[in-house]
Every structure is written in structure tokens, then in C-alpha cells.
Amino acid sequence: STLSSSSAASDVYKRQAFYYNDDEILVVASERPAIQTVFNLTFDKIKEVPPGHAIINKKSGDVEIKEIITPLEKRSCSFERIYFSRGGDAEIYKERKKLGRFLFPAVFDSINGDIENTVFSFIPNTAETSFYGMIDAAQEHIKKMLLDLIAKKPDYKNKSLEELISLKPRIEKIAIKDAKLRTFITEDSSRDDLVAHVYDVTYGVIRKTDNLVIIDDSIVRGTTLEKSILRMLDRLNPKKIIIVSSAPQIRYPDCYGIDMAKLEDFIAFKAAISLHEDGGNKKIILDSIYNKCKNAVVNDIQETENFVKELYKPFTPNQISDKIADLLSRNGLKSDLKIIYQSIENLHKSCPSHLGDWYFSGNYPTPGGNRVVNKAFINFYEGKSLRAY
């Protein structure tokens with residue numbers, strides 16, 4: 001039998017389960033495109049195992065989809081959709097494009113509306129689809145500007161109209177990645193050495209008056225940005241570098257499958273601590289959270305609440321993003337740096353059937369998640385470089 005991921009029956013994260021069944025075969029896989037490709041099937045032929053259900057394949061050949069536990073609220077992982085899942089899946093492709101579209105307004109504000117002097121690009125390869133969505137939004141914005149100007153009935157020899165007609169997003173392939181290397185899933189001991197050699201850049205297309213907008217699927221540790229990408233982009237001498245993340249700020253560890261175990265690895269966590277340090281109350285907040293976590297362990301109530309949320313509570317997402325940019329700029333960037341993250345609200349709009357957002361919100365789908373995050377904070381506070389699970 002195969003359990004659907006959304007059953008949340010235990011503290012072990014399970015991916016979705018898709019299946020196809022006919023008179024001859026039953027096939028089950030965690031991703032729909034794998035079945036489509038191998039068996040040459042259309043989207044509608046492949047079904048998802050419902051929450052709380054199992055596929056029962058009997059010796060007689062009969063196949064039954066049976067509820068085996070009461071389904072809980074569906075909290076399927078959204079980060080799985082952004083980063084790990086096959087981009088060829090019809091639903092995931094649309095979701096990633098939406099993530100890019102929702103980011104354009106913040107990008108437009110950051111470049112002060114100067115599309116003419118802005119180059120748009122992406123970090124290969126999983127951010128490419130979100131990049132298309134962002135460009136779609138940029139093109140629609142230009143179209144609206146043109147229609148608004150025409151509605152004013154200008155003289156058709158008007159220079160502003162001619163300029164607007166010729167305006168289009170400048171798209172270039174700036175970052176080039178060695179497809180054989182993936183830093184996100186590389187062991188901690190070798191990641192720093194690896195990231196410096198993963199990327200190269202395209203020279204000769206960026207002017208000193210240009211803004212350079214680069215979208216990535218996520219910014220987790222900031223290691224690749226700091227040690228590789230930003231240094232190379234800065235060599236191109238743009239006026240401003242804007243790094244855009246299709247995922248929200250990753251603030252909390254995951255214990256359901258994607259290996260993110262230590263709080264101190266997260267650039268958002270470091271930024272929040274730095275903001276408290278700027279305000280003169282770093283020790284107070286860290287001591288407070290630590291004491292609550294330890295007290296919960298002593299009283300065996302560590303699963304009741306995520307106490308680490310208190311670290312982020314005083315700050316807006318934009319404040320944390322700006323502090324991340326500050327931390328990543330301290331190695332002497334010549335260009336101005338802006339970091340833009342997806343909002344959790346727009347994440348939910350983009351992936352409405354996959355609302356598992358615990359990496360970003362700290363709202364874990366099972367009590368074991370709270371136990372892990374509180375243990376991770378204790379390890380951090382006590383200076384123990386240990387996994388929390």
C-alpha cells in the first residue's frame with residue numbers, strides 16, 4: 001500500500017503519490033510526469049492518492065483506493081513545488097510562473113520603474129520558469145502603460161509614445177551554471193569550496209547605468225550568493241543588483257524530508273539576530289527563547305509551541321530582507337544590493353493546494369515539528385553543531 005503525503009500520519013514527511021491503473025498495470029510514483037513520460041499518458045489519466053488513503057493491490061489483480069486513517073487538513077509541502085519537483089508537471093509549471101508574476105510589482109518599485117535600464121535574468125536552472133512569469137508581468141505592465149498613453153489621445157508623432165512602443169524587457173543569460181553541481185544538497189563540510197566554482201557570468205551586456213535583476217528559486221543559507229554569485233555579478237559593474245527569491249524567507253528547519261536541520265545555517269535567522277543586536281537587545285531575546293525551550297523540555301511540553309517565532313516577531317519581512325542584503329554586502333560590493341523575497345500570502349495564491357509553509361511561517365503540521373525547532377534553537381544557543389533530528 002502507498003500513503004498519500006497529505007495524510008501527515010507521522011513526523012516523517014511523505015511526498016505526494018500519483019497512480020495510473022488499467023486492466024493490465026498499476027503504477028505509482030511521487031511525481032506525475034514520470035508516469036506520463038514512461039506510459040505516454042495525458043494529464044487527466046493520472047490520479048493522486050487522496051489524503052488518508054492507501055492503494056490496496058490484491059493478488060487477484062483488483063485495485064482499491066481505501067481510507068485507512070481520518071484525513072487531516074491538507075498541508076502538502078510548498079517548497080517541494082518550488083525547488084525539488086519536476087518542472088515539467090503541468091500544475092507545477094503554472095505555479096512557478098505565478099510565483100514570478102507576483103514578484104514583479106516589488107521589482108518594479110525597486111528599479112523605480114526604469115525598465116529601459118534594467119536587465120532581467122535568472123539563476124539556472126530551477127528559477128527559469130518563475131523568470132518567465134516575472135517577464136510576463138513586465139510585458140503586461142508595459143502594455144498597460146501604452147494603452148493608458150493612447151487613451152489620452154496624444155499626437156501620434158509624440159516622442160513618448162514612440163519610445164513606449166519600442167520598450168521591452170531586456171532579457172539576458174547572465175549566470176551560467178555547471179549542471180553537474182548542486183550546492184543545496186552538498187554536505188556542509190564541502191559546500192563552501194564548491195560554490196566558488198559553480199557559476200560563471202556573461203560579459204559585455206551590462207552597462208554601468210543598468211539595474212541587474214536576477215531571480216532564484218530560493219535564498220536559504222546565502223552561501224552561494226556571498227561566495228560566488230554576487231562577486232561575479234559585481235564584476236559586471238551594474239548600478240544596482242536585485243536578487244529576487246521565488247520562495248519566502250526560510251526561517252525554520254525541516255524534519256519531513258528536505259534536509260535543513262540547523263537554524264544557524266539560515267541567512268534569515270542570522271539577519272534577525274543582527275537586527276536584535278542593532279537594537280541592543282540580542283542577549284535578552286536569545287536568553288528568553290532559550291529559557292522557554294529548556295523549560296518545555298524539562299516539563300515535556302516541547303511540542304506545544306514554536307518559541308523561535310519570537311525572534312522574528314518584532315520585524316517586518318522587508319526589514320529582514322534589507323538586513324540580509326546588508327550582511328551579504330559586507331565583503332565590499334561596488335554595486336548597491338537589494339534582496340526581494342516572495343510573500344507567504346502570494347505563495348499560497350500560487351500554490352493553493354499545497355499550503356505546507358512551515359519553513360517560512362513556523363506553523364508545523366505535526367507536533368514533532370515544534371519539538372525539532374525548539375531543539376535546534378537549544379543546540380544553537382549552547383554552541384552545539386548538532387542536528388535537531
Going by an N to O cut-off under 4.0 Å, is there a salt bridge joining K74 and E48?
yes
With no hydrogens and no angle check, just 3.5 Å: does a side-chain donor-acceptor pair link T316 and N318?
no
Per side-chain contact (heavy atoms from CB on, under 4.5 Å), L275 is matched among L311, I320, D322 by I320
Answer yes when K292 and E310 have at least one side-chain N-carboxylate O distance shorter than 4.0 Å, and no when they do not.
yes
Are the ring centres of Y312 and Y252 closer than 6.0 Å?
yes
Give a yes or no answer on whether the side chain of D234 reaches the backbone of K334 with a donor-acceptor pair at less than 3.5 Å.
yes
Find the distance between CG (L225) and CG (L327) and round it off to the nearest 0.5 Å.
12.0 Å
Measure up the H141 and F108 rings against each other and bin them: parallel (under 30°), tilted (30 to 60°), perpendicular (over 60°).
tilted
I'd like to know if the side chain of Q36 pairs up with that of Y20 as donor and acceptor (distance under 3.5 Å, no hydrogens or angles considered).
no
Tell me whether N299 at atom CG has more than 12 heavy atoms from other residues, nucleotides or ligands lying less than 6.0 Å away.
yes
Hey, is the main chain of N291 close enough, under 3.5 Å, to the side chain of N295 for a donor-acceptor pair?
no
Any side-chain heavy atom of T366 within less than 4.5 Å of one from Y364?
no
More than 12 heavy atoms of other residues, nucleotides or ligands under 6.0 Å from NZ of K323: yes or no?
yes
Measure up the F380 and F269 rings against each other and bin them: parallel (under 30°), tilted (30 to 60°), perpendicular (over 60°).
perpendicular
Side chain to side chain, F102 and E345, heavy atoms closer than 4.5 Å:
no
Quick check on side-chain contact (heavy atoms from CB on, under 4.5 Å): which of W358, F377, F266 does P253 satisfy it with?
F266
Side chain proximity check, I82 to L347, heavy atoms < 4.5 angstrom
yes
Using a 6.0 Å cut-off, check whether atom CG of D44 has over 12 heavy atoms from anything other than its own residue.
yes
Classify the angle between the aromatic ring planes of F360 and F79 as parallel (below 30°), tilted (30 to 60°) or perpendicular (above 60°).
perpendicular
Heavy-atom count check: over 12 atoms from other residues, nucleotides or ligands less than 6.0 Å from K45 NZ?
no
Is it true that K262 and E264 have a side-chain N and a carboxylate O under 4.0 angstrom from each other?
no
Salt-bridge present (D210, K240; N to O < 4.0 Å):
no
